[in-house]
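Down below is the structure, laid out as C-alpha cells.
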Amino acid sequence: GPMSDASNPHQLSALVVVHNEEEILDDCLKRLAFADELVVVLDRCTDGSKAIADVYADQVIEGAWEIEGDRRNLGIDACRCEWILEADADEWINEELAAEIKDTINGAEHDIYDLPVRNFVGGVHVEHGWGGGSFGKNSYLGLYRKGVKQWGSSRVHPHLTVNGARGPDLKNPVLHHVDRNISDMLGRLDWYTSARARDLVDAGETGAGLGTMFRKFLSRFWKIYVVRGGWREKHMGFMIAICGALYPLIAHIKAVEDEMPLRRRDQDNGAAEE
C-alpha cells in the first residue's frame with residue numbers, strides 16, 4: 001500500500017526525447033527534478049543539448065533514429081523505475097502537476113493516466129482548435145507503469161499500444177510551448193509533412209487523388225476552425241486551422257512529387273550498378 005511506496009526510492013522515471021533543443025531544454029529538465037530518475041534520449045543532437053542533459057539526467061543516451069517510435073521505446077526500456085512520465089522538451093511539468101503525479105502513483109489503482117495539455121504560442125495560452133493530431137494536442141497518455149505502453153514504428157505520431165487499466169485523467173495541465181511564433185509553426189508544418197510523406201510512401205498510401213485530398217483539407221479546416229472553436233482565437237486560430245488542414249494535403253503532395261521520384265531514381269541507379 002501507500003506506506004511501503006513512500007520508502008520506495010525507485011518509483012518514477014521521467015523520460016525526455018530530444019533533438020537539438022538547447023534553447024528550451026533547461027526549462028524542461030529543471031522542472032523534472034521531483035522524479036527519482038531522469039532519462040534523456042539525444043537523437044542526432046548537434047547543438048548544446050548534451051551539455052544541458054548532462055547537468056540534470058541520471059542517464060543520457062545518444063544515437064540516431066529515423067523512426068520516432070524506436071527512440072521512444074529505447075528510452076522506455078532504459079527507465080529503471082516502476083512508473084514512467086514522458087514529457088517533450090517544449091513541455092513544462094509545474095509544481096502542482098508534479099504533486100498530483102506523486103499522489104496518483106502512491107495510491108495507484110490503475111496502470112496508465114492521461115495528462116491534460118495547455119497549449120501556448122509565443123507565450124500566449126491558445127485554448128481552442130487543437131487536437132488535430134498533427135498540431136498541438138489536448139492530452140496524452142504520459143504517465144504509466146513500465147511495460148504498459150509501446151510505440152509503433154512510424155516517423156510522425158506513431159501508433160500506441162496500451163495493455164493496462166486506464167485511470168481517471170489528471171487535473172493539472174502540462175504546459176506545452178508549441179511554437180514561438182508563426183514562422184515556427186510553418187517550419188513545423190514543413191518538417192512534419194516531409195516525415196509523413198516518407199511514411200506514406202513506406203505504407204504504399206499514395207493512391208488518393210488530389211480532389212480527394214482537397215476535400216479532406218476543407219473538412220479538416222472546418223473541423224478545427226468551426227467545430228473545435230478555432231475561430232475564438234482570431235488570427236492564431238485561423239493559422240492553426242490552416243496548418244492542421246494543410247498537413248495531410250502537403251504530405252500527400254510531397255509523397256507523390258518528392259519521395260516517389262526519389263525512390264524510383266534510387267531503384268534505377270541500383271539496377272544500373274548491377
Side-chain angles (χ1 to χ4, degrees), residues 1-18 21 24-42 52-53 55-61 68-69 71-120 125 127 130-131 136-151 157-158 160-178:
M3 291 309 290
S4 59
D5 287 345
S7 62
N8 178 3
H10 307 296
Q11 207 177 5
L12 178 67
S13 295
L15 172 62
V16 184
V17 177
V18 176
E21 304 282 9
I24 57 175
L25 191 58
D26 193 272
D27 276 328
C28 167
L29 297 185
K30 70 183 180 192
R31 289 173 170 81
L32 295 171
F34 71 92
D36 303 301
E37 177 187 50
L38 176 54
V39 178
V40 176
V41 177
L42 301 172
I52 299 167
V55 171
Y56 295 99
D58 299 289
Q59 291 190 69
V60 176
I61 301 163
E68 165 147 359
R71 62 182 190 171
R72 289 189 180 268
N73 288 333
L74 187 104
I76 290 170
D77 289 343
C79 291
R80 291 178 287 216
C81 298
E82 184 190 354
W83 287 88
I84 297 174
L85 166 68
E86 271 182 282
D88 286 341
D90 58 5
E91 291 170 341
W92 294 2
I93 308 290
N94 65 12
E95 289 174 9
E96 292 81 3
L97 177 55
E100 188 185 3
I101 286 169
K102 283 177 149 177
D103 288 347
T104 300
I105 61 179
N106 273 329
E109 294 166 13
H110 302 87
D111 305 310
I112 187 161
Y113 295 86
D114 214 22
L115 305 176
V117 175
R118 184 175 289 168
N119 294 291
F120 294 82
H125 177 209
E127 189 174 354
W130 301 105
K137 53 193 176 185
N138 291 321
S139 66
Y140 69 103
L141 292 166
L143 179 65
Y144 51 92
R145 287 184 207 272
K146 184 169 177 174
V148 166
K149 177 173 162 181
Q150 181 83 14
W151 290 87
H157 308 297
L160 276 183
T161 310
V162 172
N163 56 8
R166 189 162 155 184
D169 300 355
L170 271 59
K171 305 274 187 295
N172 290 285
V174 174
L175 308 180
H176 182 208
H177 300 271
V178 188

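Residue numbers start at 1 and run along the sequence shown. What's counted below: heavy atoms across the whole structure, side chains too, no hydrogens, waters or symmetry copies.
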Inset, instruction - Sort out for me which residue in Lys146, Glu82, Glu86, Glu37 forms a side chain to side chain donor-acceptor pair (under 3.5 Å) with Ser13. - result: Glu37
Report yes if the side chains of [X] and [Y] come closer than 4.5 Å at any heavy-atom pair, otherwise no.
X: Asn73; Y: Ile76; result: yes
X: Leu170; Y: Asp114; result: no
X: Leu143; Y: Leu12; result: yes
X: Val178; Y: Trp130; result: yes
X: Leu85; Y: Phe34; result: yes
X: Val55; Y: Leu29; result: no
X: Val174; Y: Ile93; result: yes
X: Asp169; Y: Ser139; result: no

Inset, instruction - Evaluate the ring planes of His177 and Phe120, with Trp represented by its six-membered ring, and classify them as parallel (under 30°), tilted (30 to 60°) or perpendicular (over 60°). - result: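 If you compare the ring of His177 with that of Phe120, the planes turn out parallel.
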Using the test ring-ring contact (aromatic ring centres under 6.0 Å, His included), find all partners of [X] that sit at least two apart in sequence or belong to another chain.
X: Tyr56; value: none
X: His176; value: none
X: Trp151; value: none

Inset, instruction - Just do the side chain to side chain contact (heavy atoms under 4.5 Å, CB included) check on Leu74 and Asp77 with the steps written out, would you? - result: CA-CA 5 Å; Leu74 187 104; Asp77 289 343; 5.5 Å; no
Inset, instruction - Have a look at Leu141 and tell me which of Ile112, Val148, Leu115 forms a side chain to side chain contact (heavy atoms under 4.5 Å, CB included) with it. - result: Ile112
Legend entry - Lys137 backbone acceptor or donor facing Asn119 side chain under 3.5 Å: yes
Legend entry - Test item: Glu100 side-chain N/O and Lys171 main-chain N/O as donor-acceptor pair under 3.5 Å: yes
Inset, instruction - Taking all heavy atoms of Leu15 and all of Cys79, pick out the closest pair and write down the distance. - result: CB-SG, 4.2 Å
Legend entry - SB check Asp36 Lys102 (cutoff 4.0 Å):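 Here Asp36 does not pair with Lys102 in a salt bridge, since their nearest N and O are not under 4.0 Å apart.
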Inset, instruction - Evaluate the side chain to side chain donor-acceptor pair (under 3.5 Å) criterion for residues Asn172 and Glu96: first the C-alpha distance (whole Å), next the side-chain angles of each, then the deciding distance (0.1 Å), finally the verdict. - result: CA-CA 7 Å; Asn172 290 285; Glu96 292 81 3; over 6 Å; no
Inset, instruction - For the residue pair Gln11 and Asn106, confirm or rule out a side-chain donor-acceptor distance under 3.5 Å. - result: yes
Legend entry - Separation between CZ of Arg80 and CG of Asp58, rounded to the nearest 0.5 Å: 6.5 Å
